[in-house]
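Written out below as structure tokens is the structure these notes cover.
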Amino acid sequence: MKQLVLLMATFLIAGNSYGANLFAGQSKAEAMCSQCHGLKKPSVDSPFPRIFERDFTYLQTALQQYRDKTRKSDIMNAVTGSLSDDDIDNIAAYYDNIHPSK
Amino acid sequence: MKITTKILSTAVFTVLSLSVNASDDAHHSNQLYQENCASCHGADHGGYIAPALNADTLKGRSPTALRSIIMTGSFDTLMPPFYGKLSDDDIRGLVKHLQSTPKQPNPAWTLEDMKKSVQVYVQDESTLPSKPTYEIDSMDNIIGVAARGKYGRGAGSKAVFINSSTHKEIGEVPTGTAAHIIEFNPTNPRWAYVKTDTAEIFKIDLYSMKAVRSIKTGMNGPGIGISRDGKYIMAGSFVPHNAVILNADTLEPLKTFELEGVDPDGKMVSSDSGMIIGTPFADIFAIALENAGQVWVVDLTEGFPVTKITDVGRHLHDAFLTHGGQKLMIASYDDSIVAAIDLKERKIIKKLPAGCVPHVGGGSAVKVDGRTLGFGTNFGDCDKMVVSVWDLDKMELVKQIPVSGGTESPAAHANAPYVAVDIISKDKRARTIQLIDKKSLEVAKTLDVGGHAYFPEYSADGKFLYVSAGYNGDEVVVYDSNTFEKVASIGMESPAGIFSRGRVKYMTRGLAPDEMKGAK
């Protein structure tokens, strides 16, 4: 229960400060990112960056740069091509909010 | 880590023996295939838990599209992304290799090979602790989860053990390649056995949560069973087509069996091993020959003689026990039946109607209003998506309950009101579990678990339902069996099968422990 309340509280904070929707972010992350970066964290056997350790602003900037191709990566440029600003904010808020136990 | 290296060296050995006169490039690609892909796609390129990859199946496919699947993986499936794990050149080489390599003949893996593969991690078992090194009320409360690991091998692949009354992890054992099945020794609670996708079997000491020995019984194949006295293990493979009886204590292989026979259509075929099961009813194993449609009953006496029951069905797979373990209910994929077999008379009792591509998982049986009802899930995605319910005393169909998709594995418990089935159809439905009311035999609830939700299992006391949020869900989720409030989540990479030690008490999930007494 305590955990749930805590979760709700974080959700509200996250929701307020970024105007982002965590649930929408989670469902995008599931569909588009989890394969490589994990829904929480990437596979211990994978070479993909641990994006859950990054904060909202870092993620938002990185995704915008990948989308605008000012940061180059064949894979990330392709993945982010179709994302809207809202999508980016939602996904960034979702990963910012993830704190896997180990 | 030592374990992983040892398994890898066995794998490399296998690769060498499979590719004697290949050119250097092909040799390199074959090695990459065996080390990265074969655990899922089959060491013989014939498919296993993933599609066959060979010249035939990939004929006419665009190399660019195949390269892209290998780089990014396939979303919502077990196919992982190899971008950054393999170089672009390696991936191109693999595509070329796969599109020009035919399905390979059955490789040899003899009793001698198995003997040589035995690894001993703990020489002197008397040095192991004499009781669990963690708090637990009863060893039956242990639940084991096969954590596949994203790549089906590596540091993410392990068997994870959980105390199902506290929902806390109590230990984990690395398995090198994806853990697939966990069996518990029915007579000595300290031993468990884990079989991997690449057919290694680990003997695990649950008191210290350590692997003490392992053996490689083949290249691929999930089949494993343990005898009622806890003295023998039988294991069977998809690649190659054989089975073996092991000493459960030392893992020493005692006898191998070539799996072949005349199928129901009169053709002599070499066969994959389907389910293998030990029963509280007798000192026997039953093994399904998938393609030959036969069930063999092996007596655990001098020479391990075999009684063959033929014409059971077209493409047999998995099974469950009833009537104190005297009767076996076995699913047959291609003719949509579940065959009831009497293990005493060693003959078919009846073939019961099922849904499309019946896959009973571990099966379930419950006592309701004086009747014993068996529940059968069905893999197939067809118009008629149902869970079959049979009266196991009369051996007749009671009802086919409509569910929202294909199903793979039912869970039941004598103390829990619902039978849980996992919906596996390839869309959002795969996130869900449906709960069937034991009395009304209707779906009462649908749970959205997340990930690819599968392999539901009740805790030994029936109070909690465990479900794997597999593929990218990366957690096992625990529910209260009555309220379905989420009570815990345990993180791990790509969890799949969940196995309660309680199973050794109730034979088939859903029955009360006293069901087994009559048998002994």
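Naming: A, B, ... by sequence-line order, numbering from 1 per chain.
- Remark: side-chain polar atoms of A:Asp45 are not paired, donor with acceptor, to backbone N or O of B:Tyr151 under 3.5 angstrom.
- Taking a 6.0 Å sphere around CG of A:Asp74, one finds it holds 12 or fewer heavy atoms contributed by other residues, nucleotides or ligands.
- Residue A:Ala31 touches chain B through its backbone alone, counting heavy-atom pairs closer than 4.5 Å.
- Distance alone, capped at 3.5 Å, is enough to place a donor-acceptor pair between the A:Gln35 side chain and the B:Met79 backbone.
- Using a 4.5 Å cut-off between heavy atoms, B:Ser74 contacts chain A through its backbone alone, with no side-chain atom that close.
- Annotation: side chain of A:Phe48 is in contact with side chain of B:Pro81 (closest heavy-atom distance under 4.5 Å).
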Between A:Glu30 and B:Arg431, does a salt bridge (charged side-chain N to carboxylate O under 4.0 Å, His left out) hold up when you go through it step by step? CA-CA 12 Å; A:Glu30 264 176 47; B:Arg431 303 168 54 94; 2.5 Å; yes
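- In terms of heavy atoms, B:Asn472 sits closest to A:Leu39 at O-CB, 3.6 Å.
- Residues B:Glu493 and A:Lys40 are not paired through a salt bridge, judged by the lack of any N-O separation under 4.0 Å between the basic side chain and the carboxylate.
- Once rounded to the nearest 0.5 Å, the distance linking OG of A:Ser34 with CZ of B:Phe75 reads 5.5 Å.
- A donor-acceptor pair under 3.5 Å is absent between the side-chain atoms of B:Lys150 and the main chain of A:Pro42, judged by distance alone.
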